[in-house]
Amino acid sequence: MAVATSSSQVLNNVEAVRATLYEALKNDDKVVILGEDVGSRGNVFLITKDFVKEFGTERIIDTPIAEASIVGIAVGMAMEGLRPIAEIQFADFIYPSFNQIVGEAAKTRYRSNGEYTCPMVIRTPYGGGVRGALSHSVSVEALFYHVPGLKIVVPSFPADVKGLLNAAIDDPDPVLFLEHKKTYRLIKGEVPDGHYVIPIGKADVKKEGSQLSVVSYGLYVHWALEAANQLENEGMSVEVIDLRSVRPMDRTAILQSVRKTRKLLIIHEDNKFGGIGAEISAMVAEEALFDLDAPIRRLAAPDVPAMGYAMPLEEAYMSSPAKMADAMREMVKF
Amino acid sequence: MANIPTQVRKSLERHGLSDEQLRTIFRTMLLQRQLDNRGFQLNRQGKVPFALGSEGHEALQAGAAMAFNRGKDILAPYYRDLGLSIGIGLTPYEIMLSIFARAADHNGGRQFPNHYSSKRAGLMSFSSILAAHIPHAVGAAYALKYRKEAGRAVLVTFGDGTTSEGEWHESMNFAAVHKLPIVFLCENNQWAISTPLSLQMGQPNIYKRAEGYGMPGEQFDGFDPLATYDACSRAMERARNGGGPTLLEGVCYRFLAHSTDDNDLTYRTREDVSERRKDDPVPRFENLLVESGIMTGEQVAAMKQDVLHETNEATDKAEAMPFPTADDLYKHVYEGAWEPWQ
Ligand SMILES: Cc1ncc(C[n+]2csc(CCOP(=O)(O)OP(=O)(O)O)c2C)c(N)n1
Ligand SMILES: [Mg+2]
């Protein structure tokens with residue numbers, strides 16, 4: 001249970017994003033926010049509520065509905081010295097801007113041999129379990145993590161959200177900042193006051209354990225922790241690692257944990273084929289195969305285009321603490 | 001066809017340009033053509049794998065470059081803009097480094113030739129992805145306006161085919177909403193590789209689309225550097241002074257194949273091209289300068305000699321420079337050292 005102290009506050013993830021954006025706007029007038037309905041409406045989740053009153057329409061820009069240029073204009077702003085934070089209203093609508101993210105933002109520094117850079121953040125809510133139907137539920141990280149030049153952050157604890165969003169805003173390179181929308185109001189936690197930064201690319205061991213390493217990120221870290229605590233009561237010791245960033249990825253943390261527990265279960269909400277788990281499995285197989293006592297296992301969404309709106313379709317697509325606990329038990333007992 | 005009849009100017013309308021500026025425009029045109037042809041020659045000699053030509057765009061680019069304020073304005077060009085790039089301050093040596101893909105090239109030999117980037121010249125980095133640079137130009141214009149830097153504007157260029165892209169539309173729309181200091185300059189050479197204008201758009205006058213966005217639009221003869229300068233300088237001046245964006249369309253023609261990898265005889269005839277060559281903007285402007293007494297025939301010949309000499313020197317100097325090394329592949333992925341995933 002999170003409690004506020006003299007130097008911290010209890011916030012949910014929406015509040016953590018909001019507080020961090022607010023501080024960034026306060027501290028640096030190069031920071032501007034652009035996206036659909038971020039102004040007078042204050043974003044569809046009210047993350048930027050009232051910002052426009054304080055910072056004005058020049059800094060809180062309600063854009064036309066045009067995702068390619070939301071990102072593309074931010075790229076140009078960044079090349080010209082501003083610190084834009086572009087918002088894609090839902091990750092499902094990021095596809096029109098794929099070109100700008102992958103072809104342009106991620107390659108600006110590289111293609112100009114460092115002469116031009118692209119320090120910008122693209123924030124977007126993603127993920128399911130909220131009855132978001134086919135087109136308000138997707139996970140997009142695997143579509144982007146293939147791309148060098150881009151950083152991808154997926155925090156799911158309020159304190160991590162703040163530290164990593166600060167890092168993303170300060171970062172000299174483009175960062176895709178993914179916010180799981182089911183955690184927005186569900187997850188509360190203690191958030192230290194003042195400015196601090198959590199380095200991008202560093203995982204965090206959220207629960208130590210000795211018999212199995214579980215690597216996850218996003219909403220599923222919370223469910224994995226629930227399952228791991230359940231197993232603790234059954235006398236099994238499971239370590240839960242929150243990746244927090246999927247690019248760069250913290251191979252050291254993964255390998256250290258796997259070499260200790262000798263078993264690896266990767267859990268993610270995105271589907272299995274070509275997902276984050278595929279890269280982790282391959283890396284661990286290359287680096288630590290002979291340290292393993294069991295085959296690597298991936299618990300991921302079924303290989304279908306999306307979860308559905310109807311409850312059974314959403315439930316069948318999403319995992320659950322119970323399904324995770326089952327997989328963990330099998331792995332520990334292997 | 002979106003042709004404005006190219007009328008050969010009988011008298012010189014200077015639009016306020018001095019004799020020296022007129023000669024500068026002409027020299028930029030000559031240098032563009034010389035460097036351009038050098039790229040093709042080097043390709044045929046097997047010294048470079050690829051070259052892009054810009055013959056037919058000389059007047060348009062030299063005229064536009066004259067409307068650009070060095071040290072103030074920003075240029076977001078595309079790969080056809082050799083003349084515009086030298087016109088705003090890139091050197092022939094820099095052009096040749098790009099053609100030879102040497103380590104000292106601004107892009108470190110990473111991009112195709114003619115994809116320049118230079119902070120010094122105010123030339124924004126761009127890729128080969130058509131229209132992707134247009135929102136960047138708009139973002140830069142937003143930054144100028146946001147910082148209240150009156151007296152500065154962005155010039156963004158693109159081909160006729162590129163106006164079909166969504167990012168082109170999105171950029172025009174956003175720039176108009178925010179009255180940004182930017183000029184959209186279309187270099188309408190009638191072709192997009194093999195696709196003629198008639199298959200690119202249902203209404204062939206690109207400049208007319210401006211009205212739909214709520215900005216002024218203007219078409220001019222892109223074979224005439226002075227008509228180009230006139231249109232560009234008025235639009236840039238308006239942008240610099242808070243008057244918002246303009247869409248300009250310069251009508252020109254692509255005399256060469258799209259690139260050294262294209263055979264244009266598969267989609268147009270030699271006669272199509274030779275017909276348009278009659279209006280070749282380079283001799284046309286030369287005649288005008290000589291007839292108006294701005295330059296003598298001897299001065300023109302000397303200038304051509306000088307341009308050839310400069311091109312030869314730049315070629316030799318760039319060719320002698322080293323290539324990037326395999327280690328350079330790993331640089332500038334992110335800021336600082338990058339430990340690639342193994
Ligand atoms: C997004 C994208 N689509 C296709 C291409 C391939 N391509 C390169 S140049 C070109 C034609 C462009 O024509 P236009 O815009 O008229 O410019 P021009 O080459 O005639 O100056 C095409 C299709 C590309 N580079 N980028
Ligand atoms: Mg064209």
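The sequence lines fix the lettering, A, B, ..., with proteins before strands; numbering per chain opens at 1.
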Please look at A/P172 and chain B and tell me whether the side chain, the backbone, both or neither of the residue comes under 4.5 angstrom of a heavy atom of that chain. side chain

Less than 4.5 Å apart, side chain to side chain, heavy atoms only: is that true for B/W341 and A/R247? no

Tell me if the NE2 atom of A/H146 is crowded by more than 12 foreign heavy atoms within 6.0 Å. no

Roughly how far apart are A/D173 CG and B/W338 CH2, rounded to 0.5 Å? 10.5 Å

Counting only non-hydrogen atoms closer than 4.5 Å, does A/T117 touch chain B with its backbone (N, CA, C, O), its side chain (CB onward), both, or neither? neither

For A/V71, which atoms come within 4.5 Å of any heavy atom of chain B: side chain, backbone, both, or neither? neither

Working for side chain to side chain contact (heavy atoms under 4.5 Å, CB included), residues B/S125 and A/E115: CA-CA 8 Å; B/S125 163; A/E115 190 148 339; over 6 Å; no

B/S118 to A/Y116 - nearest heavy-atom pair and separation: O-OH, 3.6 Å

Whether A/Y110 side chain and B/Y330 backbone form a donor-acceptor pair below 3.5 Å: no

Taking side chain as everything from C-beta outward and backbone as N, CA, C, O, which of these in B/S128 sits under 4.5 Å from a heavy atom of chain A? Side chain, backbone, both or neither. neither

Of all the heavy-atom pairs spanning B/Y334 and A/G149, show the shortest one and how long it is. OH-N, 3.1 Å

Among the listed options B/Q111, B/K331, B/H115, B/K119, the residue most often paired with chain A at heavy-atom distances under 4.5 Å: B/K119

Residues, nucleotides or ligands: over 12 heavy atoms within 6.0 Å of B/E339 CD: no

Around A/F273, counting heavy atoms of other residues, nucleotides and ligands shown, do more than 12 lie under 6.0 Å from its CZ? no

Under 4.5 Å from any heavy atom of chain B - which part of A/L34: neither

Heavy-atom distance under 4.5 Å to chain B: side chain of A/A74, backbone, both or neither? neither

With a 4.0 Å cut-off on N to O distance, would you call B/R147 and A/E80 a salt bridge? yes

Of all the heavy-atom pairs spanning A/E104 and B/S127, show the shortest one and how long it is. OE2-OG, 2.6 Å

Measure distances from A/D29 to the heavy atoms of chain B and classify the residue's part below 4.5 Å as side chain, backbone, both or neither. both

I'd like to verify something: which residue of B/A137, B/G109, B/S117, B/P324 has the highest number of heavy-atom pairs under 4.5 Å with chain A? B/S117

What are the two closest non-hydrogen atoms of B/I129 and A/G103, and how far apart are they? CD1-CA, 3.9 Å

Please state whether the side chain, the backbone, both or neither of B/I134 comes within less than 4.5 Å of a heavy atom of chain A. neither

Looking only at heavy atoms and a cut-off of under 4.5 Å, which of A/I70, A/V32, A/T63, A/N99 has the most pairs with chain B? A/N99

Heavy-atom distances under 4.5 Å only: say whether A/N113 touches chain B with side chain, backbone, both or neither. both

Side chain, backbone, both or neither: which part of B/L180 has a non-hydrogen atom closer than 4.5 Å to chain A? neither

List in chain and number order the residues that pass side chain to side chain contact (heavy atoms under 4.5 Å, CB included) with A/D50, two or more places apart in sequence or in another chain; answer none if no residue qualifies. A/K53

Please lay out, stage by stage, how A/R111 and B/R110 fare under the test side chain to side chain contact (heavy atoms under 4.5 Å, CB included). CA-CA 6 Å; A/R111 71 158 182 249; B/R110 288 183 169 148; 5.6 Å; no

Crowding at CD, B/E211 (>12 non-hydrogen neighbours, <6.0 Å): no

If I take atom OG from residue A/S69 and atom CD from residue B/E167, how far apart are they, to the nearest 0.5 angstrom? 8.0 Å

Donor-acceptor contact present, side-chain B/Y146 to main-chain A/K30, <3.5 Å: no

Closer than 3.5 angstrom, by distance alone: can the side chain of B/Y142 be matched with the main-chain N or O of A/E58 as a donor-acceptor pair? yes

Would you say A/Q100 and B/P135 make side-chain contact, with heavy atoms under 4.5 Å? yes

Region of B/H178 that comes under 4.5 Å of a non-hydrogen atom in chain A: side chain

Assess the residue pair A/T108 and B/H136 against the criterion (side chain to side chain contact (heavy atoms under 4.5 Å, CB included)); give the C-alpha distance rounded to whole Å, side-chain angles, the decisive distance to 0.1 Å, and a yes or no. CA-CA 11 Å; A/T108 302; B/H136 306 170; 5.6 Å; no

Just wondering, are more than 12 heavy atoms of other shown residues or ligands nearer than 6.0 Å to CG in B/L329? yes

Contact part of A/M283 toward chain B, heavy-atom cut-off under 4.5 Å: side chain, backbone, both or neither? side chain

